[in-house]
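As structure tokens, the structure follows; a few thoughts come after it.
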Amino acid sequence: MEEVIKNLEDWTDPATKQMLQNLVERKRKYDRLKSQHQLILFVAVSFSCFYFYYVYRLIYLPHFHSVTALFSAFFDDRFNPFFLFALLAVYGITGIWKRKADEAEEEFEALRREIIDKSKDLWDDGGSWRKRHIVFEIMKNHFDINLYHENK
């Protein structure tokens with residue numbers, strides 16, 4: 001458990017601390033998957049730029065005078081099937097990582113909304129209700145998790 005969450009005062013019970021810890025873990029998972037998706041997307045765009053440059057430089061420029069010669073050179077090139085397959089595979093992987101990042105975001109947002117909805121139950125009407133803003137500030141400052149509003 002995070003030290004910051006572990007050191008919350010007595011007005012935050014262990015079950016609430018565990019919910020906050022789960023929220024932090026889901027946020028980290030979402031951030032990790034989002035950054036991995038962006039990295040793979042960068043690789044996909046870079047690879048497609050390289051491939052289009054390859055096609056332009058080695059196929060189009062020498063054969064631009066004739067459409068027939070252009071198609072013939074394109075289909076006769078032995079590296080084209082490999083490049084096309086790799087390009088499609090990278091874009092497919094990009095889609096898979098995007099779905100994983102979206103699922104992680106949905107899980108994170110669902111738990112965050114649940115904590116916001118149950119905040120009246122988690123911090124009862126006693127003195128802890130008046131001090132819950134301290135927990136919200138800690139979550140916002142340390143983990144960049146907004147518990148004040150349901151909307152992002």
Salt bridge (Lys or Arg N to Asp or Glu O under 4.0 Å) partners of D102, counting only residues at least two apart: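 Result, salt bridge (Lys or Arg N to Asp or Glu O under 4.0 Å) vs D102: K98.
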With sequence neighbours excluded, residues passing salt bridge (Lys or Arg N to Asp or Glu O under 4.0 Å) with E25: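 Residues passing salt bridge (Lys or Arg N to Asp or Glu O under 4.0 Å) with E25: none at all.
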Give me the other members of the hydrophobic cluster that [X] sits in, counting Ile, Leu, Val, Met, Phe, Trp and Tyr linked by side-chain heavy atoms under 4.5 Å, directly or via other members.
| X | value |
| --- | --- |
| L33 | I40, I93, W97 |
| V90 | none |
| L87 | V45, F47, F50, Y51, F52, Y54, V55, Y56, L58, I59, Y60, L61, F64, V67, L70, F71, F74, F75, F79, F83, L84, Y91 |
| F42 | none |

Residue pair [X] / [Y], side-chain heavy-atom distance below 4.5 Å:
| X | Y | answer |
| --- | --- | --- |
| R99 | I96 | yes |
| Q21 | E2 | yes |
| L20 | L8 | yes |
| Q36 | K100 | no |

Rounded to the nearest 0.5 Å, what's the gap from [atom1] on [X] to [atom2] on [Y]? Could you check?
| X | Y | atom1 | atom2 | answer |
| --- | --- | --- | --- | --- |
| L111 | L23 | CG | CG | 5.0 Å |
| D13 | M19 | CG | CE | 9.5 Å |
| R78 | D76 | CZ | CG | 12.5 Å |
| T12 | L122 | OG1 | CG | 9.0 Å |

For [X], give me all partners under side-chain contact (heavy atoms from CB on, under 4.5 Å), at least two apart in sequence or on another chain.
| X | value |
| --- | --- |
| D117 | E150 |
| E103 | none |
| S66 | T68, A69 |

Transitive ILVMFWY side-chain link I116 to I5, under 4.5 Å: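 Cluster IDs for I116 and I5 match.
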Tabulate below the donor-acceptor pairs under 3.5 Å that side-chain atoms of residues 135-145 make, not counting sequence neighbours, or state none.
from, atom 1, to, atom 2, distance (Å)
E137, OE2, Y148, OH, 2.7
N141, ND2, E137, O, 3.3

Under 3.5 Å donor-acceptor, R112 side chain and N146 backbone: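 Here the side-chain-to-backbone pair exists.
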D121: side-chain hydrogen bond (donor to acceptor under 3.5 Å, both in side chains) partners, not counting sequence neighbours: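 Scan of D121 (side-chain hydrogen bond (donor to acceptor under 3.5 Å, both in side chains), adjacent residues dropped) gives none.
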Salt bridge (charged side-chain N to carboxylate O under 4.0 Å, His left out) contacts in which one or both residues fall within residues 31-49, not counting sequence neighbours: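 Pairs touching residues 31-49 that pass the test: K27-D31.
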Distance-minimising heavy-atom pair for R57 and P62: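 Closest pair (atom of R57, atom of P62, distance): O-CD, 3.5 Å.
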